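Notes follow the structure.
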Amino acid sequence: MSTADQPSALALITSTRDFLDSEQRIVDFILANPDRAPRMTSAQLSAASSTSEASVSRFCRRLGFTNYRAFQFSLAHDLAIQGGNTQITREVSLDDVPQSIANIKHTKIREIESTLDYLDEKTLRRVVDLFARADMILFAAVGNTNAVAIDAAIKFGQLGLRSVATTITESSTSLALSMRKGDVLFLISNSGKSKRLEKILHAAKQGGATAILITGDATSPLARMSDIILRAVNYEALLTTVDFTFSKISATLIIEVIYSFLLTVIPHARDAISGYEELIQPDKEME
């Protein structure tokens, strides 16, 4: 089993998911008690989180683990790495800016490391090959993740690839309907649940396009419909955030990795970048 196929308990519970009330109590207890939770039996965890053992078992299976023991082992491993620095806490406050900066730094570094660990060679090679051969690449997202899609379209366009992104769902859908075999639809959705993106995906696949999804939930509806899944790890919940949003760092990192490899395999890619820079240079000539 590759690293990308192995469930990571901490990554799963800290990604944006629609947990049931009982499941959310389990998550809240684990995040509030990282030193105790991994050592607890399922009975102890259920009692501490005011749930039942059956709820704990269902929770583990929903996350993709065969049983509680497998979940417990993964959680202990993840928290051991996360807690490697005993001076790291979950607090972010202006009352202690240096400590808060250290906490944020540690969390973001772990996001980057975990996201890179999920990238396996076979999948990465396939994605790079699909991008290099595509006649058109359509990037699609919704909400504040649109910024990642637009940045990606500009970035890959600089390599000489025909890349498109728009914040208007109707425009993305009409573009998707024109896609054919060999084209690539690149979706970005942490939850993997979006009716708007589902419509775009359906439209693209009608013509035979390949669908690639960046997501924090590899079991989500969009993940089940996509051809390739790229896992983005989100550790926002490790900081003192209640209604946390999708960290764009992981998604942007995956795009940067693909870009770096494409730069080495696309003929004349550097010439294309130089041509782009020459076109925009007059706009930068200010005194």
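All values reported here derive from a predicted model rather than from experimental measurement.
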Exercise for the section: Kindly indicate whether the side chain of Lys199, heavy atoms from C-beta on, has any atom under 4.5 Å from the side chain of Thr169. Expected result: no
Exercise for the section: Could you tell me whether the side chain of Asp183 and the main chain of Ala209 form a donor-acceptor pair under 3.5 Å? Expected result: no
Practice task
Check whether any side-chain N or O of Thr115 sits under 3.5 Å from a backbone N or O of Val233 as a donor-acceptor pair, and report yes or no.
Solution key: yes
Handout entry: Test item: Arg196 side-chain N/O and Val142 main-chain N/O as donor-acceptor pair under 3.5 Å
Key = no
Problem - Distance-only donor-acceptor check, side chains Thr219 and Asp217, under 3.5 Å - result: yes
Problem - Main-chain N/O of Arg125 paired to Asp129 side chain as donor or acceptor, under 3.5 Å - result: no
Practice task
Assess the side chains of Ser46 and Glu53: does a donor N or O sit below 3.5 Å from an acceptor N or O?
Solution key: no
Handout entry: Expected output: side-chain Gln72 to main-chain Met40 donor-acceptor under 3.5 Å
Key = yes
Problem - Geometric class of the Phe186/Phe139 ring pair [parallel <30°, tilted 30-60°, perpendicular >60°] - result: tilted
Handout entry: Donor-acceptor pair, side chain of Thr264 and main chain of Phe261, under 3.5 angstrom
Key = yes
Exercise for the section: Dump the intermediate steps for side chain to side chain contact (heavy atoms under 4.5 Å, CB included) on Leu159 and Ile273, then the final yes or no. Expected result: CA-CA 6 Å; Leu159 293 175; Ile273 295 174; 3.9 Å; yes
Handout entry: Donor-acceptor under 3.5 Å (Ser174 side chain, Ser171 main chain)
Key = yes
Handout entry: Lys205 vs Leu185 side-chain heavy atoms within contact, under 4.5 Å
Key = no
Practice task
Examine Leu187 and Val257 and state if one hydrophobic cluster contains both, with Ile, Leu, Val, Met, Phe, Trp and Tyr joined whenever side-chain heavy atoms are less than 4.5 Å apart.
Solution key: no
Practice task
On the 0 to 90° scale, with breaks at 30° and 60°, tag the Phe71-Phe59 ring pair as parallel, tilted or perpendicular.
Solution key: perpendicular
Handout entry: Electrostatic pair Glu198:Lys195 at N-O distance under 4.0 angstrom
Key = no
Exercise for the section: Look at Lys155 together with Glu256 and state whether they make a salt bridge at an N to O cut-off of under 4.0 Å. Expected result: yes
Handout entry: Donor on one side chain, acceptor on other, Ser93 and Asp96, under 3.5 Å
Key = no
Exercise for the section: Taking all non-hydrogen atoms of both residues into account, name the closest pair between Ala251 and Ala232 and its distance. Expected result: N-CB, 4.2 Å
Problem - Distance-minimising heavy-atom pair for Ser220 and Thr215 - result: OG-OG1, 4.2 Å
Exercise for the section: Ignoring hydrogens and angles, tell me if any N or O in the side chain of Ser226 forms a donor-acceptor pair with the backbone of Ile229 under 3.5 Å. Expected result: no
Exercise for the section: Flag the pair Asn190 / Thr145 as yes when at least one side-chain heavy-atom distance between them is below 4.5 Å, and no otherwise. Expected result: no
